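Have a look at the structure below before the remarks.
Keep in mind the model is a prediction, meaning the values are calculated, not measured. So that the names make sense, note that chain A is the first sequence line, chain B the second, and so on, each numbered from 1.
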Amino acid sequence: MANKKIRVRYAPSPTGHLHIGNARTAIFNYLFARKNKGKFIIRIEDTDTKRNVGDGETSQLDNLKWLGLDWDESPENPGDFGPYRQSERNHIYKPLIQQLIDEGKAYESYMSEDELEAQREEQRARGVMPHYEYEFAGMTEDEKQAKIDEAKAAGIKPVIRFAVPKNKEYKWDDMVKGEVSFQSNTIGGDFVIAKVDGTPTYNFAVVVDDHMMEISHVFRGDDHVANTPKQMMIYEAFGWDHPKFGHMSLITSADSGKKLSKRDESIIQFIEQYRDLGYLPDAMFNFITLLGWSPVGEDEIYSKKEFIKMYDENRLSKSPAAFDNKKLEWINNQYVKSSDEDIVMDLALRQLVKAGNIQSNPDALTVEWCRKLINVYKQQMSYMAQINEMASVFFEDFDQVSGEALEEISNDTAPVVLKEFSELVKNIEVFDTVEILKTIKTVQKNTKIKGRQLWMPIRIAVTHEMHGPELPETIELIGRDKALKHIEQTLNQIK
RNA sequence: GACCCGUUGGUCAAGCGGUUAAGACACUGCCCUUUCACGGCAGUAACAUGGGUUCGAGUCCCAUACGGGUCACCA
């Protein structure tokens, strides 16, 4: 193995946007490649033209880039092993399929889909695993030919099936699961390698492509385990060595415990959605990498570079990883706090505009205001869209103080504080944090009221909330006019 | 149903025959503090069950239970 080049691939089918599970597969392959100074390749598996969606491929690549991945070969930047789309490789598959037929390792099958379905139905009813039963079983050459002629006459076009070797064991040393083995008789019978239209099926195309592209290691989801013996048979039929396989546990939903279903709405599943909500790409990369893999130390926040350095495929977990939303938020918050002010600013501002709280193309003054606002909330944000919710006091109008807040200021000292404060505020020259703080201190000196009895009335009067960020900052952001107006309202209410 | 695989606190997860069974998230308490958040400190809490093997088992083996994956002319 040491003398062989390391080449791994991520091979999405362009049937939709980048799913979190696929992103994870891509990341682990990427990490493995970069760690071992190998190549990371992207191949598009689009043999099922019916299921392809128009922007599937670009969307996949886009989101991968957003996550910070880069690759050495792909449809966009082909290497020496192209084409990198399966739909463009038919001229490669065709002769290979023919070769298997010629060698008697594959054959034409005339069973219709209806017949197949009926067969499976009957098998299910009997409680056996649904599988294809050899349609020419026990026939002489003549009988067989007669049957084929009959099918042809009926207009049935054949598919090509691979003749599965009988009573053979297929086993491999899985890079994450250890030794796994299957009996050839239990894999569902002779499987289809070419469809009616002549295009190869997945199990055939991957083998050919992985071999031709000299892929050395394949990391993929657990859901491919049962495909592996089929693929090994094809490698065997051609006399090729198969790559090393590693099957990673799936991501499960924390509350159902099942494989993430695209319909599960308790979890956001597509990378694009995280992007839209203003999550940070590095944080997402970090979070996803920790899904089913763990570093040696006790820390959990690492950069991509650090992950590459310490990546070890032996630490991939065998048991499924539950998607923990709380952890996602925590990790993202760690990144928000340590991120460059400008990055956070840029992303958060976009969210403010998107929500309609700030007009698009804001002027310099507004941008400056936003900068202050965002800094006030930076410590507690996980993703940028939260700014709209967190800072709602600055965007919404409200009339009455109520509930606990009202109780808090229903006393003799509150009006005194508020009157004094509002008088002083009117005369502040530069309405900023420093001056506001000074003013609050002055109120304290003048009224001899301090602590909670001093701060709370001001906070509640200005924001109508008991909780919020630092008061001077908050007041500065609210602005003098609005602050005075709110104080006056409150005064009227408790008088 | 058959075939594969898994099972350490509420969640993720170290551990690879001898440990006081790490750490993180969450939770609770305390501190910081005008409040919230951040931060700091402390705490509750786990080896699915039953048999072996062994001087000794979370770690190895076998059952059982539970959970998951796969059984397409999809990938």
Any side-chain N or O of A/Thr47 under 4.0 Å from OP1/OP2 of B/rA75? yes
Donor-acceptor check, side chain of A/His224 to backbone of A/Asp222, threshold 3.5 angstrom: yes or no? no
Quick tally for nucleotides 33-47 of chain B: nucleotides whose base has a protein heavy atom under 4.0 Å get B, sugar-phosphate-only ones S, the rest -, giving -BBBSSS--------
Think A/Ser294 has a side-chain N or O under 4.0 angstrom from the OP1 or OP2 of B/rA14? yes
Could you check whether A/Val192 gets within reach of a base, just the sugar-phosphate, or nothing at all, counting any heavy atom under 4.0 Å? sugar-phosphate
Sidechain N-carboxylate O distance under 4.0 Å for A/Glu88, A/Arg85: yes
Hey, does A/Lys177 reach any base, or is it just sugar-phosphate, or nothing, if we go heavy atoms under 4.0 Å? sugar-phosphate
Reckon A/Glu45 touches a base, only the sugar-phosphate, or nothing at all at heavy-atom distances under 4.0 Å? sugar-phosphate
Once you round it to whole Å, what is the distance between C1' of B/rC25 and CD1 of A/Ile288? 17 Å
Between A/Lys195 and B/rC74, is there a contact of a side-chain N or O with OP1 or OP2 at under 4.0 Å? yes
Mind checking if A/Val180 touches a base, just sugar-phosphate, or nothing, with heavy atoms under 4.0 Å? sugar-phosphate
d(NE2, A/His224; C1', B/rC3) in whole Å: 18 Å
Is A/Arg126 touching bases, backbone alone, or none of the nucleic acid, heavy atoms closer than 4.0 Å? nothing
Report yes if a side-chain nitrogen or oxygen of A/Arg120 is closer than 4.0 Å to either non-bridging phosphate oxygen (OP1 or OP2) of B/rA72; otherwise report no. yes
